[in-house]
There are 2 protein chains.
Amino acid sequence: MSSHGFELPLRLLLAFRMLIDELHAELARQGHPDIRPMHGFVMQAIGPDGTTAVELGRTLGVSKQAAGKTIDTLERIGYVERTTDARDTRRKIVRLTPYGMDALNRSARIFDTLRAHWAGELGEDRLNALEADLRTMTPGNPWRLDTPGWFGNL
Amino acid sequence: MSSHGFELPLRLLLAFRMLIDELHAELARQGHPDIRPMHGFVMQAIGPDGTTAVELGRTLGVSKQAAGKTIDTLERIGYVERTTDARDTRRKIVRLTPYGMDALNRSARIFDTLRAHWAGELGEDRLNALEADLRTMTPGNPWRLDTPGWFGNL
DNA sequence: CACGATAGACAACCTGGTTAACTATATGGA
DNA sequence: TCCATATAGTTAACCAGGTTGTCTATCGTG
């Protein structure tokens, strides 16, 4: 009967993917064709002050090796750069390049635009209620991103 | 400024992952410890009448080879079986085993329970509104699952 | 100053995706 | 009837992103 419960997770995933797909279509148009969805999350986690591979792994909930590999690819496509820490020569500080910061700034603006589109469709009140309800059901600061394994390995 | 728009996709992902994690924790308790999140989606796509690798790939939006690999692992852990089609010996029909159907039935009941939990927290009206709004923003039948690449390869 | 803890790199492996190439079978038209 | 083309499935080589284990270099403290 009902089995209505199946729809909720599916719609949540679909909605997430729609927003991400639209973000990246627009980013591609704005000069960032090579960026992948996860790169945005990683750069967000790197933040304006930079971080290290170990720290990034902890923030993201993945191993330091996985974080290191992701930094490698981000470095290769020009979004981050590594500099050695003068006070601790073991550490390598990973920082966003101007190109990386540009991607992050554009992402923020595009997400705002997409949210405005949702507000236009649903009404600001309904959208606020939706966000409030999601916040109720997913406690915690989403910026921490400490969903171990987040996407992938599903 | 706000940059408020970042929160929506993050919360959608977090909510999706919460539901999926809870589903699989419960499935493990109920005798399905080896099933992975994507297996549920694939079995859903296989459906009660069975399908073929090519068809499944089309439904899922992945290559027939990828669909074939997934069927291999599902077969190995006992959730599906392959039988040859008498009327077209090229085709191999993939069908859920009783164990596979059990997993699907349990998933449906667990999702209903999780939805009931959400209804308890948010109220049935708010949850209905949330689902209606997600439906508005993600048109189409979510059972088609034709999100090309769905999760993974983000 | 030596030893334990930490940062990073490297290797081997897993999964789920890709494309390309191949075999076997089906099917429709000359 | 036979041949050409299309289709189903398999295999292989590769990629990305994850894992664990091991190794080196450096830090910092007792």
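Heavy atoms only: backbone and side chains are in, while hydrogens, waters and symmetry mates are out. Every chain is numbered from 1 and lettered A, B, ... according to where its sequence line falls, protein lines coming before strand lines. This one's a predicted model, so the numbers in the text were calculated from it and none came from an experiment.
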Taking only N/O atoms, report every protein-nucleotides 25-28 of chain D pair under 3.5 Å with atom names and distance.
| from | atom 1 | to | atom 2 | distance (Å) |
| --- | --- | --- | --- | --- |
| dT26(D) | O3' | Thr89(A) | OG1 | 2.9 |
| dT26(D) | O2 | Arg90(A) | NH1 | 3.2 |
| dC27(D) | OP1 | Thr89(A) | N | 3.0 |
| dC27(D) | OP1 | Thr89(A) | OG1 | 3.1 |

| request: By nearest nucleotide on DNA chain D, pick out whichever of Arg76(A) and Glu55(B) is the more 5' one. | output: Glu55(B)
| message | Per the salt bridge (charged side-chain N to carboxylate O under 4.0 Å, His left out) rule, what does the pair list look like for residues 96-106 of chain A, sequence neighbours excluded? | response | Asp102(A)-Arg106(A)
| task | Classify the nucleic acid contact of Thr52(B) as base, sugar-phosphate or nothing, counting any heavy atom under 4.0 Å across all strands shown. | result | sugar-phosphate
| said: Which residues pass the salt bridge (Lys or Arg N to Asp or Glu O under 4.0 Å) test with Glu81(B), not counting sequence neighbours? | reply: none
| field | Residues that Glu22(A) engages under side chain to side chain contact (heavy atoms under 4.5 Å, CB included), provided they are two or more places apart | value | Met18(A), Leu114(A)
| Could you state the CZ-C1' distance from Phe41(B) to dG16(C), rounded to the nearest angstrom? | 15 Å
| request: For Thr83(B), check side chain to side chain contact (heavy atoms under 4.5 Å, CB included) against everything at least two apart and list the hits. | output: Ile93(B), Arg95(B)
| Between dT15(C) (C1') and Ile77(B) (CD1): distance, integer Å | 13 Å
| request: Using whole Å, report how far CZ of Arg58(A) lies from C1' of dT6(C). | output: 9 Å
| said: Taking 4.0 Å as the cut-off, does a side-chain nitrogen or oxygen of Thr70(A) come that near to OP1 or OP2 on dG18(D)? | reply: yes
| said: Once side chain to side chain contact (heavy atoms under 4.5 Å, CB included) is applied, do any residues pair with Ala132(A), and if so which ones, sequence neighbours excluded? | reply: Arg135(A), Arg126(B)
| Met38(B) side chain: which of dA12(C), dT18(C), dG16(C) is closest? | dG16(C)
| request: For Ala53(B), report the nucleic acid contact type (base, sugar-phosphate, nothing); a contact means any heavy atom under 4.0 Å. | output: sugar-phosphate
| task | Whole angstrom is fine here: how far is it from NZ in Lys92(B) over to P in dA24(C)? | result | 13 Å
| task | To the nearest Å, give me how far apart CG (Asp72(A)) and C1' (dC15(D)) are. | result | 15 Å
| field | Residues in ring pair (Phe, Tyr, Trp, His ring centres under 6.0 Å) contact with Tyr79(A), at least two apart in sequence or another chain | value | His32(A), Tyr99(A)
| note | His39(B) NE2 to dG16(C) C1', in whole Å, measures 10 Å
| task | Choose from dG17(C), dG18(D), dG9(D) the nucleotide whose nearest atom is closest to any side-chain atom of Ala66(A). | result | dG18(D)
| request: Could you state the atom-to-atom distance from NZ of Lys69(A) to P of dT20(D) in whole Å? | output: 12 Å
| field | Separation of dG16(C) C1' from Arg36(A) CZ (nearest whole Å) | value | 13 Å
| message | Are Val80(A) and Val54(A) linked, directly or through intermediate hydrophobic residues, by side-chain heavy-atom contacts shorter than 4.5 Å (ILVMFWY only)? | response | no
| remark: Here the gap from Arg11(B) atom CZ to Asp133(A) atom CG, rounded to the nearest 0.5 Å, amounts to 11.5 Å
Quick test: give all pairs of protein nitrogen or oxygen and nucleotides 21-24 of chain D nitrogen or oxygen below 3.5 Å, distance rounded to 0.1 Å.
| from | atom 1 | to | atom 2 | distance (Å) |
| --- | --- | --- | --- | --- |
| dG21(D) | O6 | Gln65(A) | NE2 | 2.3 |

| request: Return the set of residues passing salt bridge (Lys or Arg N to Asp or Glu O under 4.0 Å) with Arg76(A) (not counting sequence neighbours), or none when no residue passes. | output: none
